[in-house]
Amino acid sequence: MWHSYYDDTLIEGAGPGRIDIDHLVPLAEAHDSGAYGWTTEKRRRYANDLGSAISLIAVSARSNRQKSDQDPSTSMPIPSVHCRYLGEWVATKKRWSLTVGPAEREALLRYAADCPDTTLTYELAT
């Protein structure tokens, strides 16, 4: 049994089309946020990042396809997990030294205002 935290769905079995492994910060978003300048080897390490439990996540195929390559300014998971998602998004961006665009930053700060973790809001404001 798998739990897809993006949409709070329990998935029995791992058949094709039921579970996707999602890049929390999508490859296209990483590219637009600075990965375009990385070496091929660094892009490969990012795409296959097993060094962090939050970089690659098993989620329902439906939720992953809805998210696609969007950032938090255009796509967010269910409201009950916004704070977790934001924290993991920011941690991944920081870990890989990726930039945050203006619309993305505005959305992150707006959603973070409802999160009890004030550290997240501080990190975004700096």
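Computed over heavy atoms, backbone and side chain alike; hydrogens, waters and symmetry mates excluded.
When all heavy atoms of Ser63 and Ser4 are compared, the pair lying nearest together is OG-OG, 3.7 Å. Considering all non-hydrogen atoms of both residues, Asp7 and Ser60 come closest at OD2-OG, 2.6 Å. The heavy-atom pair separating Ala35 from Leu98 by the smallest distance is N-CD2, 3.9 Å. When all heavy atoms of Val25 and Ala30 are compared, the closest pair comes out as CG1-N, 4.1 Å. Among all heavy-atom pairs drawn from Glu104 and Trp89, the shortest one is OE2-NE1, 2.7 Å.
With rounding to the nearest 0.5 angstrom, the CG atom of Leu50 is 12.5 Å from the CZ atom of Arg45. For the atom pair Asp32 CG and Asp71 CG, the distance stands at 9.5 Å (nearest 0.5 Å). In this structure, OG on Ser55 lies 12.5 Å from CD1 on Ile21, to the nearest 0.5 angstrom. Taken to the nearest 0.5 Å, the OH atom of Tyr5 stands 10.5 Å off from the OG atom of Ser80.
Side-chain heavy atoms closer than 4.5 Å link hydrophobic residues (I, L, V, M, F, W, Y) into clusters, and following such links, even through other members, never connects Leu24 to Leu56. Residues Val90 and Ile54 fall into different hydrophobic clusters, defined by Ile, Leu, Val, Met, Phe, Trp and Tyr side chains chained together at heavy-atom separations under 4.5 Å.
For His82 (side chain) and Ala112 (main-chain N/O), no donor-acceptor pair under 3.5 Å exists by modelled atom type. Looking only at distances, a side-chain donor or acceptor of Thr92 sits under 3.5 Å from a matching main-chain atom of Glu88.
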Worksheet item: Hey, mind stepping through Met76 and Leu86 against side chain to side chain contact (heavy atoms under 4.5 Å, CB included) and telling me if it holds?
Response: CA-CA 9 Å; Met76 285 289 286; Leu86 294 175; 3.8 Å; yes
Item to complete: With side chain to side chain contact (heavy atoms under 4.5 Å, CB included) as the test, would you mind laying out the steps for Val59 and Ile19 before giving the verdict?
Response: CA-CA 6 Å; Val59 297; Ile19 294 175; over 6 Å; no
Worksheet item: Ser75 and Gln66: side chain to side chain contact (heavy atoms under 4.5 Å, CB included), yes or no, with the steps?
Response: CA-CA 8 Å; Ser75 179; Gln66 286 174 340; 5.8 Å; no
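Checked by atom type, the side-chain pair Asp8/His3 shows a donor-acceptor distance below 3.5 Å. In this model, no donor atom of one side chain and acceptor atom of the other lie less than 3.5 Å apart for Asn64 and Tyr6.
Applying the side chain to side chain contact (heavy atoms under 4.5 Å, CB included) test to Ser97 and every residue at least two apart in sequence or in another chain returns nothing. Applying the ring-ring contact (aromatic ring centres under 6.0 Å, His included) rule to Tyr46 yields the partners Trp38, Trp96; only residues at least two apart in sequence or on another chain are considered.
For Asp20 and Arg62, the salt-bridge test fails: no basic side-chain N is under 4.0 Å from an acidic carboxylate O. Arg18 and Glu12 are not joined by a salt bridge, as no carboxylate oxygen comes within less than 4.0 angstrom of a charged side-chain nitrogen.
In this structure the side chain of Cys83 never reaches within 4.5 angstrom of the side chain of Asp114, judged on heavy atoms. Side-chain contact check for Val100 versus Leu108: some heavy-atom pair is nearer than 4.5 Å. Pro26 has its side chain within reach of Lys67: a pair of non-hydrogen atoms, C-beta onward, lies under 4.5 Å apart.
If you run side-chain hydrogen bond (donor to acceptor under 3.5 Å, both in side chains) between Glu29 and each of His23, Gln70, Lys93, only Lys93 comes through.
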